[in-house]
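To keep things clear, I will list the structure first and then write my remarks on it.
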Amino acid sequence: MGGSKKYAILLLIAGGALLVLILYRTIVFVSEHIETALAREDARSYAKIISDVQVYYATEVVAHAKKNGIKIAKDYKKRGDAIPYPATFTHGLADKLNAKYGDLNFRLYSDAPFYERPRGDGLSAFDREALEHFRKTDENEIYRIEAGAAGPQFRFARAVRMGESCVECHNSHPDSPRKDWKVGDVRGVQRVAINLPGPSFMNDGYLNPPTVVVALLCFIVMVSLFLLLFVITKYNNERSQRHVIKIKNAELQRAKENIEQFAFFDSVTTLPNRTYFQNHMAKLTSDDSGQSNEFCLLILDLDHFKSINDRYSHIIGDNLLRIIGQRISDALHGNDFVARLSGDEFAAVLHGSIELNELQWIVTTIIDTISQSTEIQNVVLTPSVSIGISRYPQDGQSFDQLLSCAGLALNKAKNRGRNTFCIFDNEFKSEIRHKDSLEAELKNALSDGELEVYYQPKVCLSTGGLEGFEALLRWIHPTKGEVTPDSFLPIAEERGLIMPICELVARRVAMDMQSWDKRELCPGNVAINIHADQLKNLEEMDRLVSLFDDYGIPAERITLEITEDCVVGRGTESIPDILRKLVQRGCRISLDDFGTGFASLTHLKNLPVHEVKIDRSFVSDIAYNKESVLIVRSIVELSQKLGMSVVAEGIETMDQLTLLKYFGCCYGQGYLFLPPSPAAVTDGLLNLHEPFNGLVSHRPNTITDREYDQLLRTIA
């Protein structure tokens, strides 16, 4: 009996110990499954935050940015006019979460666009397995618990589809390794790794003496604390989940606010951007409340801002833009509104009905405020601004109409000398009607063959020989007669007709040169005038040269005449390289109207120029204006020292010819020799060896140095 009791006690003790172990392992098993389930839900939640932000960014902001011409770049923090790529923005948010929660490791990667491999030695085995799994199956989630340096780690991955806007954004990036991704091919992976509690002290459930002793001592405590431990664990988990959800919601809200900041506010000046401004104007112009909603639209453009960026730096330029934006804001009152549209262009809205005198006073105050000198990084700058103004509702009923009217007024303000303003009025409306009528007639002229090419000879001033021609456009109107280019070319440029006109001129010149060649006439080198829009496009210039090749005219017989307008202003940075490529093909470059621009000497240094043409404004009064005499002589001497040919335009008198020969000018054009004439009229010249020899040798010895000095004293 005693032995049986002894064995029963031992059996009870053993059973109790075993029960403790079973209970412990059960708790560990349940806890592990609970931890795994919670980790899985946390991983899904973290992945969903990034997905929500990514999808919102891709579908809303990127599409909006592409529609409105906003740049998208990885180095967006260094560029004030750009917003980040969707992947850049997503990983930025992930890094913030990783830094704040040490047990979180979030990554986004794929074998498609916007991949980012985890830091370390490439993809882990789990990462590779996930990629392979998602390629072969329709399942979109996979997880595994693996051993880690700090204990077990829960690894969760899910398949994601990238948005179409993300793919378009990637394909448009110049550094993209591939350009042929399709939306259906783009499958990526989101992976979240979360650390789990470490292994138990029971040595994975194996029985040993220390375990039995501990089990006996803890039997009662374990039983009594089981429910308490379970309740505390559940409470802590629920509390932790609520805390994580709260953090996730706050992060998502901040992410959305950042996206809105990128989408609607300028990163340099912090002012509203063009998108925000357009929305604001749409509300103003669509107000149907029946109440008066008058306002004035101001378009402000800084004068010569590009030269500040080029001369100093974009950092100083950005600082100046911030100062200008603040000065405009300070000059406005009440609910008036200011925004930065692009580059150096701002816009402001003055609400309410404003009398003309008051409006002029307000705008003058704004110009004076902006024009105050400022010092930025030891550089003293005195900015100036030109302003165009339109008024609602008399000048337009929509934002586009008001913007167009204000733009016309801005152009007139710049033509008046800048640092001033111009208000759109009835005179502008009459001008617009005139332009509309002229545009319609010009379109008819293009289709009806009223545009013709005339040729003016370029004459060697020492021999009277014919060196070539300049091709000039003429419009022979059926009722108005000859219409001067100055009256219709600006309209053609403004209304988008300049490119077809330029192509017509080039084709007519190629056809005429081919005709002369067939008749064994030698026209020499023919110059054609190049528009700035043509010169900015290398493909367009290559097409022009190829057009002459099609007619059997080599590029060496073509001179491309450009003016300073072609190489000054926005979008002209690549023009020197384009000109060099054209020179490599054999074309000659002539700088027309030399001396009239503020940067002509810079162009002689930076551009591959073969020929300089002295503007007719200097030649016309060379016989009685001392300044013109000195300028022309200096241009001739400078060009000769640089190895360039010199052509004087607008020679009309023998006195002008005599002085130009004395200065050593190579070539000349003008009515003294022959006005621009149709191709048929020039045929007679091509049969003569030196058709103007008698004219240029009328005074074979030109003048002496003594006579030249006497001339300067006479006209001083």
Side-chain angles (χ1 to χ4, degrees), residues 78-81 265-274 277 296-334 336-350 354 356-389 406-407 409-423 564-565 567-573 596-603 605-606:
K78 298 180 182 179
R79 298 178 57 181
D81 59 343
F265 290 89
D266 175 48
S267 59
V268 176
T269 62
T270 70
L271 293 173
N273 61 14
R274 177 181 285 271
F277 183 72
C296 296
L297 171 62
L298 279 61
I299 302 299
L300 306 92
D301 189 88
L302 298 183
D303 299 329
H304 306 304
F305 179 74
K306 182 180 182 298
S307 63
I308 295 177
N309 275 339
D310 294 342
R311 183 176 180 181
Y312 301 109
S313 71
H314 284 274
I315 296 177
I316 291 180
D318 287 347
N319 287 332
L320 179 61
L321 288 175
R322 277 190 285 272
I323 293 172
I324 296 299
Q326 186 59 50
R327 288 181 176 180
I328 297 174
S329 299
D330 294 342
L332 302 181
H333 301 284
D336 293 342
F337 181 80
V338 62
R340 182 190 177 197
L341 298 185
S342 64
D344 58 351
E345 190 174 70
F346 295 82
V349 175
L350 308 180
I354 305 176
L356 183 59
N357 292 338
E358 182 183 0
L359 177 60
Q360 293 174 342
W361 180 83
I362 293 174
V363 177
T364 302
T365 302
I366 293 175
I367 293 176
D368 293 341
T369 302
I370 292 176
S371 301
Q372 296 176 7
S373 298
T374 183
E375 182 175 342
I376 303 174
Q377 297 183 5
N378 299 324
V379 176
V380 178
L381 300 173
T382 304
S384 65
V385 65
S386 300
I387 302 178
I389 306 167
L410 175 63
N411 291 336
K412 179 159 287 190
K414 287 184 174 294
N415 293 334
R416 289 177 177 176
R418 304 177 188 267
N419 199 32
T420 186
F421 67 90
C422 184
I423 302 174
E564 188 173 333
D565 293 339
V567 291
V568 173
R570 299 190 185 100
T572 61
E573 296 79 6
T596 60
F598 69 92
S600 295
L601 293 179
T602 302
H603 298 153
K605 182 182 72 171
N606 297 332

Which value, rounded to the nearest 0.5 Å, describes the distance between [X] atom [atom1] and [Y] atom [atom2]?
X	Y	atom1	atom2	result
Asp318	Ile315	CG	CD1	8.0 Å
Glu358	Leu350	CD	CG	9.0 Å
Leu302	Ile370	CG	CD1	7.0 Å
Ile323	Glu375	CD1	CD	10.5 Å
Asp301	Asn411	CG	CG	9.0 Å
Glu345	Leu321	CD	CG	12.0 Å

If we only count heavy atoms from C-beta on, is the [X] to [Y] side-chain gap below 4.5 Å?
X	Y	result
Leu300	Ile328	yes
Arg340	Arg274	no
Asn319	Gln377	yes
Arg327	Thr374	yes
Ile299	Ile387	no
Leu381	Leu320	yes
Leu332	Ile366	yes

Original post:
Could you go step by step and tell me if Phe421 and Leu298 meet the side-chain contact (heavy atoms from CB on, under 4.5 Å) rule?
Top reply: CA-CA 9 Å; Phe421 67 90; Leu298 279 61; over 6 Å; no
Which atoms form the tightest heavy-atom contact between [X] and [Y], and what is the distance?
X	Y	value
Cys296	Ile389	CB-CG2, 4.5 Å
Pro272	Val338	CD-O, 3.5 Å
Ser386	Asn419	OG-N, 3.4 Å
Phe277	Ala347	CZ-CB, 3.6 Å
Thr364	Gln360	OG1-O, 2.7 Å
Ser373	Val380	CB-CG1, 4.5 Å

Just to verify, what does [X] make a side-chain hydrogen bond (donor to acceptor under 3.5 Å, both in side chains) with, not counting sequence neighbours?
X	answer
Ser313	none
Asp368	none
Ser384	Asp303

Subject >> Polar side-chain atom of Arg322 near backbone of Thr270 as donor-acceptor pair, under 3.5 Å >> reply: no
**OP:** Please lay out, stage by stage, how Gln372 and Thr382 fare under the test side-chain contact (heavy atoms from CB on, under 4.5 Å).
**Re:** CA-CA 6 Å; Gln372 296 176 7; Thr382 304; over 6 Å; no
Subject >> Criterion side-chain contact (heavy atoms from CB on, under 4.5 Å) on Asp336 and Ser329, from CA distance to verdict >> reply: CA-CA 9 Å; Asp336 293 342; Ser329 299; over 6 Å; no
Original post:
Could you walk me through whether Phe346 and Leu271 pass the side-chain contact (heavy atoms from CB on, under 4.5 Å) check?
Top reply: CA-CA 10 Å; Phe346 295 82; Leu271 293 173; 3.9 Å; yes
